[in-house]
Structure formats: structure tokens, C-alpha cells
Amino acid sequence: MTDAQETSHPSQPRSARGAALFSGNRALGLVSVLIGLALWELAATQFHSLVLPPPSAVLVKFVEPDFLLRLLPALGQSLLTLAVGFGLALVIAIPLGIALGRSRLLFKMFDPLISAIYAIPPVAFVPFLIIWFGLFFQGRVALIFMMCFFDILVVIVAGARDVSGKLTDVGRSFGASPAQNLRLVVFPAIAPFMIAGLRVGSARAINGMITAELFFAAVNLGMVMKRSAQAFDTASAMAVVVTICVVGLLAQTAVHRLEDHVLRWQPRRSS
């Protein structure tokens with residue numbers, strides 16, 4: 001570290017600067033949420049509550065015992081399905097993506113096939129998934145897997161191909177075995193792509209979770225939403241949507257925190 005860097009924040013350690021930056025970003029995020037709620041409340045005044053319930057009516061649902069008794073068990077089951085489908089996608093996509101990205105032969109063989117399948121909307125596979133896996137847990141897991149697997153795979157393949165051959169040559173010159181080169185050179189080099197894959201894949205997996213619960217047998221959060229809509233209780237249906245948004249926000253926050261930990265060696269912008 002140079003003298004200029006040392007004197008730029010003479011009394012503030014890096015951890016304190018990181019905490020201050022995180023607090024500032026969190027405050028800005030809270031401001032954006034409040035602005036969004038205010039605009040939503042204003043827009044709701046122009047429509048009947050059956051068409052667009054105001055956020056005040058939606059938030060009240062989260063303190064109603066009857067609604068919570070339906071929402072919380074449904075949310076737990078939905079998250080279980082999400083965890084299984086997303087976990088399977090990660091376990092398969094990451095090593096497969098590294099193998100395809102590091103092997104020129106495998107990449108040339110399978111890239112056209114991956115590109116062709118990736119262009120197909122995952123919802124188009126719903127009839128086949130119903131036939132193959134049924135309407136319940138296995139089918140929903142399969143759709144979540146399909147929704148996020150190829151997004152993660154494409155990012156990991158790009159990351160593995162981006163690793164410079166000079167880096168692996170340096171590792172070999174120091175006597176590193178192929179396994180050591182993979183662990184000490186390739187993995188750190190593609191870490192930013194893994195984080196990007198997690199970020200994109202988690203959002204797609206949540207999308208797949210609620211899509212599966214609406215397209216397959218209506219269960220969990222999908223059932224709560226459908227029954228609320230059938231009862232013309234749009235505030236409850238919107239409360240489910242808000243719950244899904246919160247799950248997505250928490251997932252992205254977790255990925256950001258993981259990024260701060262795993263990529264702490266990377267220089268970050270201060271703004």
C-alpha cells in the first residue's frame with residue numbers, strides 16, 4: 001500500500017470503511033423501498049382496491065393470524081422445493097461448466113447443443129416434466145432445476161474459458177499438479193463468475209418455484225395465491241407476491257455478502 005493510500009483514511013481501518021459503505025448502501029436501499037411504497041399507495045388511490053390494493057392493506061395481512069397460518073407453512077414448503085432444485089442445479093452446473101470451459105474439445109462438441117436448449121423457454125418443458133415427474137414435488141423440483149441450470153452453466157463456462165493460459169502455465173512451472181492448478185489458479189480466477197451465476201441462478205430459481213406452484217398442482221404459495229384470487233382477496237394475493245419479493249431480496253443480499261467475503265481481494269469501487 002502506498003503512502004497516499006495510507007493517508008487517505010488514516011484513522012479508519014478497512015473493516016470500518018466496509019461497514020460504513022454497507023450501512024450507506026442499506027440506507028439508500030431503504031429510501032428506494034419507501035419511494036416505491038409511496039408511489040404504489042398513490043397509484044392505488046386511482047383504482048378500486050379489488051384491482052390494486054394499497055400497500056397499507058397488503059401489509060395488514062402480515063399481522064392477521066389466519067393469513068399467517070396459511071402463509072408460513074406454505075412458505076416453508078416452497079423454500080424446501082427451492083433449495084432442492086437450486087442445489088441440484090449448482091452441484092451439476094458448476095463442475096460441468098468448468099469441464100466444458102477448460103476443454104476446447106468438449107466446448108466445441110456441446111456448445112451448439114447448450115445454446116439450442118438455452119434458447120427454449122423453460123415453461124415449454126412443463127408438459128414433458130408433468131409426464132416424466134408428475135404434478136407434485138419431483139415435478140416442481142425439475143422445473144426449478146430447468147429454470148436456473150442453463151443460466152448458471154452458461155456463466156460458469158464463460159468464466160472457465162476466460163482464465164488465461166498464462167496463469168495455469170505459471171502454476172505448472174512452479175510444479176503444481178492439475179488438481180492444484182484447478183484449486184489454486186482456476187477456482188480463484190472464476191470466482192467472480194461463480195458469484196454472478198449464483199446471483200442470476202437464485203433469481204431464476206425463485207421464478208421457477210412460483211411458476212411450478214402455479215402451473216403444476218396448486219400447492220404452497222401458489223395455492224395461497226390462487227385461493228386468494230378466487231375469493232377476490234387481492235390484498236392476500238398481493239401479500240404472497242410481496243413475500244416472494246422479500247425472499248428474492250434476501251437471496252440477493254446473501255449473495256452480496258458472500259461476494260464481499262469470497263472476493264475480498266478484489267479492488268472495489270467506493271461509490
Side-chain angles (χ1 to χ4, degrees), residues 1-2 5 9 13-26 28-29 32 82-83 85-104 106-108 110-111 114-115 117-118 144-145 147-174 176-208 247-271:
M1 184 177 291
T2 64
Q5 289 173 318
H9 298 281
R14 175 177 293 184
S15 59
R17 295 199 300 271
L21 181 61
F22 177 74
S23 299
N25 290 339
R26 186 167 54 181
L28 290 174
S32 70
L82 172 68
F86 185 48
L88 285 174
L90 288 177
V91 168
I92 298 175
I94 290 177
L96 181 60
I98 293 173
L100 292 175
R102 298 305 299 161
S103 171
R104 184 175 301 177
L106 291 177
F107 178 79
K108 289 183 177 179
F110 293 103
D111 181 61
I114 293 172
S115 299
I117 298 176
Y118 187 49
I144 293 170
F145 177 88
M147 291 282 282
C148 62
F149 172 76
F150 287 99
D151 293 84
I152 300 171
L153 180 65
V154 168
V155 173
I156 298 299
V157 169
R161 287 176 56 80
D162 189 65
V163 178
S164 172
K166 295 179 180 179
L167 293 177
T168 54
D169 289 343
V170 169
R172 282 194 294 269
S173 68
F174 279 95
S177 66
Q180 289 174 325
N181 233 340
L182 185 66
R183 180 171 59 88
L184 300 175
V185 178
V186 176
F187 278 167
I190 67 174
F193 291 87
M194 288 186 178
I195 295 297
L198 280 174
R199 182 175 298 137
V200 175
S202 61
R204 293 284 289 167
I206 293 170
N207 190 317
V247 170
L249 179 61
L250 292 176
Q252 294 300 311
T253 301
V255 173
H256 280 298
R257 298 302 295 270
L258 179 65
E259 181 181 12
D260 291 338
H261 176 72
V262 173
L263 303 181
R264 58 185 180 273
W265 49 269
Q266 253 193 352
R268 301 297 180 86
R269 294 176 58 185
S270 59
S271 58

I'd like to know if the side chain of [X] and the backbone of [Y] have a donor-acceptor N/O pair within less than 3.5 Å.
{"X": "S103", "Y": "L100", "value": "no"}
{"X": "R204", "Y": "D151", "value": "no"}
{"X": "Q252", "Y": "R199", "value": "yes"}

Taking the side chain as C-beta and beyond, is there a heavy-atom pair between [X] and [Y] under 4.5 Å?
{"X": "F86", "Y": "I152", "value": "yes"}
{"X": "M194", "Y": "F187", "value": "yes"}
{"X": "F149", "Y": "L96", "value": "yes"}
{"X": "I156", "Y": "I98", "value": "yes"}

For the residue pair [X] and [Y], what are the closest heavy atoms and their distance?
{"X": "V155", "Y": "G197", "answer": "CG1-N, 3.8 Å"}
{"X": "P192", "Y": "A189", "answer": "CD-O, 3.6 Å"}
{"X": "C148", "Y": "G201", "answer": "CB-O, 3.4 Å"}
{"X": "A160", "Y": "G97", "answer": "CB-O, 4.0 Å"}

Apply side-chain contact (heavy atoms from CB on, under 4.5 Å) to the pair R104 and R161, showing each step before the final yes or no. CA-CA 9 Å; R104 184 175 301 177; R161 287 176 56 80; 5.6 Å; no
Just verifying a value: how many Å separate L82 CG and N207 CG, rounded to the nearest 0.5 Å? 11.0 Å
Nearest 0.5 angstrom please: L153 CG to I114 CD1, how far? 4.5 Å
Which one of V157, D162, I94 satisfies the side-chain contact (heavy atoms from CB on, under 4.5 Å) criterion with F193? D162
Go through it in stages, so that I can follow the logic: the residues are L198 and L258, the test is side-chain contact (heavy atoms from CB on, under 4.5 Å), and I'd like the CA-CA distance, side-chain angles, deciding distance and then a yes or no. CA-CA 10 Å; L198 280 174; L258 179 65; 3.6 Å; yes
